[in-house]
Amino acid sequence: MSTLKAVRGTRDLLPPETALWNRIEAVARSVFARYNFGEIRTPIFEDTALFARGVGEETDIVSKEMYTWEDRARAQSEKTQSLTLRPENTAGVVRAYIEHKLGETGQLAKLYYIGPQFRRERPQKGRYRQFSQIGAEVIGPTHAGSESPLRDAEVLEMLATFLDELGITGWTLKINSVGSSADRPRYIETLRTALAPVVSQMCPDCQRRAETNPLRVLDCKIPEDQPIIDALPRIADSLDEASRDHFAQVCAALDASGVPYTHDHRLVRGLDYYTRTTFEFTHGGLGAQNALLGGGRYDGLSEAIGGPKAPGIGFAMGEDRLVLTLQAQEANQKAAPPQVADTYIAPLGPAQNPAALALARTLRRQGLRVELGDGTFRLKKSFEAADKTARSIVLLGEDEAQSGILTVKVFATGSQSKVPQTELADLLAGLRNT
Ligand code: AMP
């Protein structure tokens, strides 16, 4: 029988790497809490229509990357339904915002999420079919200030703070404005006209995009196409005064806060729902898939999926890529210390197993990391296992269990001593600093 493996584009995350994932999530939670965001958890699968309407039929995600299936009815009362594993989380959050009438509080909903997303992309370094995103959204009625450029700047400043606190150095922030839903069709027409005489010289993908979604031409990475793209009209020249003013205010607030950024005229991003501000943080250490995170404003998304007017702004970070960046940085500095237990408890004989479990319970409740051996092991085997997994070994025989005086050997120094159980936790905690 062939052995079963994790499916292409998916992977297992093992310790000690999972400790890094936890650290990233802890920093995200801590930073987001200071900006007064709360956590939302939406379902992993949703009605396919949510993404078709919310992300856009013409996007790569919806047209070719979704995991969609017809879910059979289980009862007469149920209908067969088209369901999809979420390829992103913004549409789900906005659906929840509408479903739970969060706008009725009159305040901004400030929500963050951490979780897996699914896209059938060609797997490569930094690009997987199951990947994790950490994202946040600020959504609300206009009178709550949801359209204010200050919200955009605050979200960008929060991201800069997050990356700094996480210790990621050398990131670049690019921002642009794709205008309002009125500006965009105007620009797309301008673009179509400008593309018509040159598109035959471009790559096949661009030729297709020029037909279906001309904005996507700006994303093309083929070197031969770049001079043509650089000469195309810029979206900034198609913005109306309100959009231009909005963008100028985002920039002014960023300037005042000292967050460095560049204005990238070609940043239009892959999702149809963006309006006005779009942004991306990239990192040179990531290679071809260099986007750490992306986001933008989506003033019409709620209405597109049947909700009230509720402008919003949000972002999604690729957690897998944050991990890759930190691993590369840490490899350049010093190797992360391996995870070691504070001690290994070796029961000397099966009769001591219950006492060993009780001792492990006491120490663990005192905050220590404890590996528990087994009374059937010979002493040599216990020592070998302890040496691989822990800083010290505690021997628990019948005498020790009765007297409460334990034998402890510390591997770093090779010293062996008798220690009353009441002093054990302090002694073991002290070893962490040696
Ligand atoms: P998007 O939802 O496409 O705007 O992507 C936001 C961020 O999610 C990107 O900047 C990446 O960091 C990450 N991301 C998107 N797709 C993938 C993928 N297939 N594998 C890993 N990370 C991804």
Side-chain angles (χ1 to χ4, degrees), residues 6-11 13 17 20-21 24-25 28 42 44 46 50-51 54-56 58-67 84-94 112-137 155-156 159-160 162-163 166 168 171-176 178 213 215-216 218-219 221 264 266-275 277-298 301 312-328:
V7 172
R8 182 168 143 82
T10 71
R11 46 211 187 111
L13 303 174
E17 188 186 313
L20 189 52
W21 287 72
I24 291 169
E25 291 167 19
T42 65
I44 303 278
E46 300 260 8
L50 174 67
F51 305 113
V55 180
E58 284 302 328
T59 57
D60 283 355
I61 294 178
V62 174
S63 64
K64 45 185 191 206
E65 294 170 0
M66 295 205 302
Y67 288 93
T84 294
L85 288 181
R86 63 185 190 196
E88 59 92 63
N89 220 158
T90 301
V93 172
V94 175
Y112 77 87
Y113 59 83
I114 300 176
Q117 318 294 336
F118 306 85
R119 295 181 196 173
R120 193 186 283 105
E121 296 194 271
R122 195 169 50 76
Q124 56 177 272
K125 185 182 167 212
R127 188 158 79 185
Y128 312 99
R129 291 182 169 180
Q130 174 175 335
F131 58 99
S132 176
Q133 285 185 333
I134 303 179
E137 317 290 348
V155 162
L156 289 165
L159 282 165
F162 167 76
L163 293 174
L166 192 58
I168 289 187
W171 48 262
T172 304
L173 164 60
K174 295 185 289 188
I175 63 173
N176 193 21
V178 295
N213 194 350
L215 275 183
R216 301 264 63 81
L218 304 183
D219 283 343
K221 302 275 176 335
D264 179 349
R266 286 174 52 174
L267 187 72
V268 289
R269 308 212 7 90
L271 312 179
D272 274 0
Y273 53 58
Y274 287 114
T275 51
T277 314
T278 55
F279 56 85
E280 208 165 74
F281 282 72
T282 54
H283 197 280
L286 278 169
Q289 300 302 316
N290 68 352
L292 276 178
L293 69 95
R297 176 165 277 288
Y298 43 82
L301 178 55
I313 178 152
F315 61 83
M317 308 193 254
E319 195 175 358
D320 305 72
R321 296 189 192 172
L322 295 172
V323 169
L324 283 171
T325 308
L326 283 174
Q327 282 173 331

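When a ligand or atom number is given, it counts from 1 through the structure's own listing order. Starting from 1, each residue takes its place in the sequence as its number.
Ligand 1 has no N or O atom lying under 3.5 Å from any N or O atom of Glu88, backbone or side chain. Considering backbone and side-chain atoms alike, Phe131 places every N or O at 3.5 Å or more from each N or O of ligand 1. Between Tyr128 and ligand 1, a contact under 3.5 Å exists for at least one N or O pair. At a 3.5 angstrom cut-off on N or O pairs, Gly318 counts as close to ligand 1.
Residue nearest to atom 10 (O) of ligand 1, selected from Leu293, Thr278, Leu324: Leu293 (by heavy-atom distance).
Side-chain contact between Val268 and Arg216 is present, with at least one heavy-atom pair separated by less than 4.5 Å. Two residues are said to be in side-chain contact when any heavy atoms from C-beta on lie closer than 4.5 Å; Phe279 and Leu293 meet this criterion. With contacts defined as side-chain heavy-atom distances shorter than 4.5 Å, the pair Ile24/Glu319 qualifies.
For the atom pair Asn89 CG and Ile44 CD1, the distance stands at 8.0 Å (nearest 0.5 Å).
Residue-level proximity to ligand 1 for Arg129 is absent, since no heavy atom of it falls below 4.0 angstrom. The backbone and the side chain of Arg127 each have at least one atom closer than 4.0 Å to an atom of ligand 1 (non-hydrogen atoms only). When non-hydrogen atoms are compared, ligand 1 lies under 4.0 Å from the side chain of Gln133 (C-beta onward) but not from its backbone.
Remark: ligand 1 atoms within the under-4.0 Å shell around heavy atoms of Ala291 are 10 (O), 11 (C), 12 (O). Close approach of ligand 1 to Arg119 is summarised as follows: ligand atoms under 4.0 Å from at least one heavy atom of the residue are 1 (P), 2 (O), 3 (O), 15 (C), 16 (N). Under a 4.0 Å criterion applied to the non-hydrogen atoms of Leu292, ligand 1 contributes the atoms 10 (O), 12 (O).
Closest of all the heavy-atom pairs between Gly92 and Glu46 is CA-OE2, 3.7 Å. Of all heavy-atom pairs between Glu137 and Gly314, the closest is OE1-CA, 3.3 Å.
Annotation: cation-pi pair Arg86/Phe51 absent, no NZ/CZ under 6.0 Å from the ring centroid and within 45° of its normal.
Looking at Glu17 and Trp21, their side chains do bring a donor and an acceptor atom within 3.5 Å of each other.
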